[in-house]
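These notes concern the structure reproduced below.
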Amino acid sequence: MKIALVADSSANKHTKPGLSVGYAPMKIVTEETEYIDVPDLDVRKMMEEMKAYKGRSGTACPSISDWLDAFDDADMILGVAITSGLSGTYNSGCIAAKQYLESKPQAKVFILDSLSTGPEMQLILEKYDEYAKQGMEFEEICAAIQEYHKHTHLLFSLESLDNLVKNGRVKPIVGKLAGVLGLRMVGRASTAGTLEPLYKGRGEKKAIQNIIKEMESEGFQGGKARITHNFNEPMAMELKKVILSKWPGSEITISENTALCGYYAEMGGLLIGYEDI
Ligand code: X90
């Protein structure tokens, strides 16, 4: 039986060896260019071009046929989508699933609404992979992943919320907090799958302290943490170091955001997904 792990590209390219994911690409669009969030897109070049670009820009969720391509004719499809609170991606994934089942009624498809994005989706994909490798049945996997999802979280640290505000993903008043040079906002994915500001402070050091404080109060106990960043490896490494000194034995990876998270988290932005088990 062929099993496919699928996600939209906001999950970012997965770096775990042996884990293969079919990505339904999101798009970043300007009045002149369309960047498709595929694994080999040059994200730095895109960010530089966007910085120089003065016109309007936005994003688009994967189409139904993008999802169907990612399903790859598999018999069991285990998927995860960016929060339905901010994107139509989950909805298009569900329509794709319905169409897929019409043409392949014996297949099994489940797509989880992550109520989050990026590195929290990586944790979900890794867990699907574990379940699939253990030979668990489809129904068992669906129940277990929803249970696991209750124990995963997303925090972020952003220097600018301009693209989120411009695209109506946060209220302008929230965006203003991070508008001042050197100020960083630390926030989390709310239970409704929207962006919830928690702290603002000057500099990366303060942001890291706030992230640690939040991880502790949400019950992190030295399990997995997945850090993704926008060309800010020093901050990611520092955060990893601080987590390890407080919770030795934590299993932490660092990787780069691809285009969708890159566009919204903006230069220097950092996301962290972690589990509280
Ligand atoms: O459908 C589309 O066009 C995509 C819209 C995506 C909007 C939000 C992307 C957020 C990316 C920024 C910080 C994390 C916020 C998490 C809130 C749940 C990353």
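- A search for side chain to side chain donor-acceptor pair (under 3.5 Å) contacts involving Q122 returns nothing, not counting sequence neighbours.
- Listed by chain and number, the hydrophobic cluster partners of L115 come to none, as no ILVMFWY side chain reaches under 4.5 Å of it.
- Looking only at side-chain heavy atoms (C-beta outward), M267 and K51 stay at 4.5 Å or farther from each other.
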>> Apply side-chain contact (heavy atoms from CB on, under 4.5 Å) to residues L78 and I145 and explain how you reach the verdict.
In response: CA-CA 10 Å; L78 303 171; I145 205 75; over 6 Å; no

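- M185 and L86 fall into different hydrophobic clusters, where Ile, Leu, Val, Met, Phe, Trp and Tyr side chains are chained together by heavy-atom contacts under 4.5 Å.
- For the atom pair NZ of K200 and CG of N210, the computed distance is 12.0 Å after rounding to the nearest 0.5 Å.
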Side-chain donor-acceptor distances from residues 39-48 under 3.5 Å, at least two apart:
from: D42; atom 1: OD1; to: R44; atom 2: N; distance (Å): 3.3
from: D42; atom 1: OD1; to: K45; atom 2: N; distance (Å): 3.1
from: K45; atom 1: NZ; to: E49; atom 2: OE2; distance (Å): 3.3

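- With sequence neighbours excluded, no residue forms a side chain to side chain donor-acceptor pair (under 3.5 Å) with H149.
- The structure places SG of C61 at 7.5 Å from NZ of K27, a figure rounded to the nearest 0.5 Å.
- By the ring pair (Phe, Tyr, Trp, His ring centres under 6.0 Å) test, F110 pairs with no residue at all, sequence neighbours left out.
- With rounding to the nearest 0.5 angstrom, the OG1 atom of T83 is 10.0 Å from the CE atom of M121.
- Judged as a side chain to side chain donor-acceptor pair (under 3.5 Å), and not counting sequence neighbours, the contacts of S87 are T89.
- Separation of atoms NZ (K150) and CD (Q146) is listed at 8.0 Å; rounding is to 0.5 Å.
- Residue pairs meeting the salt bridge (charged side-chain N to carboxylate O under 4.0 Å, His left out) criterion with at least one partner in residues 73-95, sequence neighbours excluded, are D73-K104, D75-K104.
- In this structure, I64 belongs to a hydrophobic cluster whose other members, linked by side-chain heavy atoms under 4.5 Å apart, are V6, W67, L68, F71, I77, Y90, I95, Y100, L101, V109, I111.
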>> Assess the residue pair K108 and E139 against the criterion (side-chain contact (heavy atoms from CB on, under 4.5 Å)); give the C-alpha distance rounded to whole Å, side-chain angles, the decisive distance to 0.1 Å, and a yes or no.
In response: CA-CA 9 Å; K108 307 270 188 195; E139 284 73 19; 3.6 Å; yes

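- With rounding to the nearest 0.5 angstrom, the OG atom of S116 is 10.5 Å from the CG atom of L195.
- Here the side chains of R226 and E126 are in contact, with some heavy-atom distance below 4.5 Å.
- A heavy-atom distance below 4.5 Å is not found between the side chains of K206 and R184.
- A salt bridge is absent between E238 and K205; no separation between the charged side-chain nitrogens and carboxylate oxygens falls under 4.0 Å.
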>> Let's go through K213 and E216 carefully: what are the C-alpha distance in whole Å and the side-chain angles of both, what is the deciding distance for salt bridge (charged side-chain N to carboxylate O under 4.0 Å, His left out) to 0.1 Å, and is it a yes or a no?
In response: CA-CA 5 Å; K213 192 155 53 164; E216 187 166 27; over 6 Å; no

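- Listed by first then second residue, pairs satisfying side chain to side chain donor-acceptor pair (under 3.5 Å) with a partner in residues 254-263 read N12-N257, N12-T258, D37-T258, S57-Y263, N167-Y263, T228-N257, N230-N257, not counting sequence neighbours.
- The salt bridge (charged side-chain N to carboxylate O under 4.0 Å, His left out) analysis of residues 2-25, with sequence neighbours excluded, yields the pairs K2-D72.
- Between E120 and T152, the side chains place a donor N or O and an acceptor N or O closer than 3.5 Å (distance only, hydrogens not considered).
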> How far apart are the C-alpha atoms of E266 and E159, what are their side-chain angles, what is the distance that settles it, and do they pass the side-chain contact (heavy atoms from CB on, under 4.5 Å) test?
Replying inline: CA-CA 7 Å; E266 302 194 44; E159 267 175 23; over 6 Å; no

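- With sequence neighbours left out, the side chain to side chain donor-acceptor pair (under 3.5 Å) criterion links E275 to Y148.
- Here I211 is tied into one hydrophobic group with L155, V186, L198, Y199, I208, I212, M215, F220, I227, M235, M237, L239, V242, I243, L244, W247, I252, I254, L270, I272, Y274, each link being a pair of ILVMFWY side chains closer than 4.5 Å.
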> Given the rule in the side-chain contact (heavy atoms from CB on, under 4.5 Å) test, do E204 and N232 qualify, once you have shown the distances and angles that lead to the verdict?
Replying inline: CA-CA 10 Å; E204 295 182 349; N232 194 355; 3.0 Å; yes

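- Note: Y264 OH to T117 OG1 = 10.5 Å, rounded to the nearest 0.5 Å.
- Other residues, nucleotides and ligands place more than 12 heavy atoms under 6.0 Å from the CD atom of E140.
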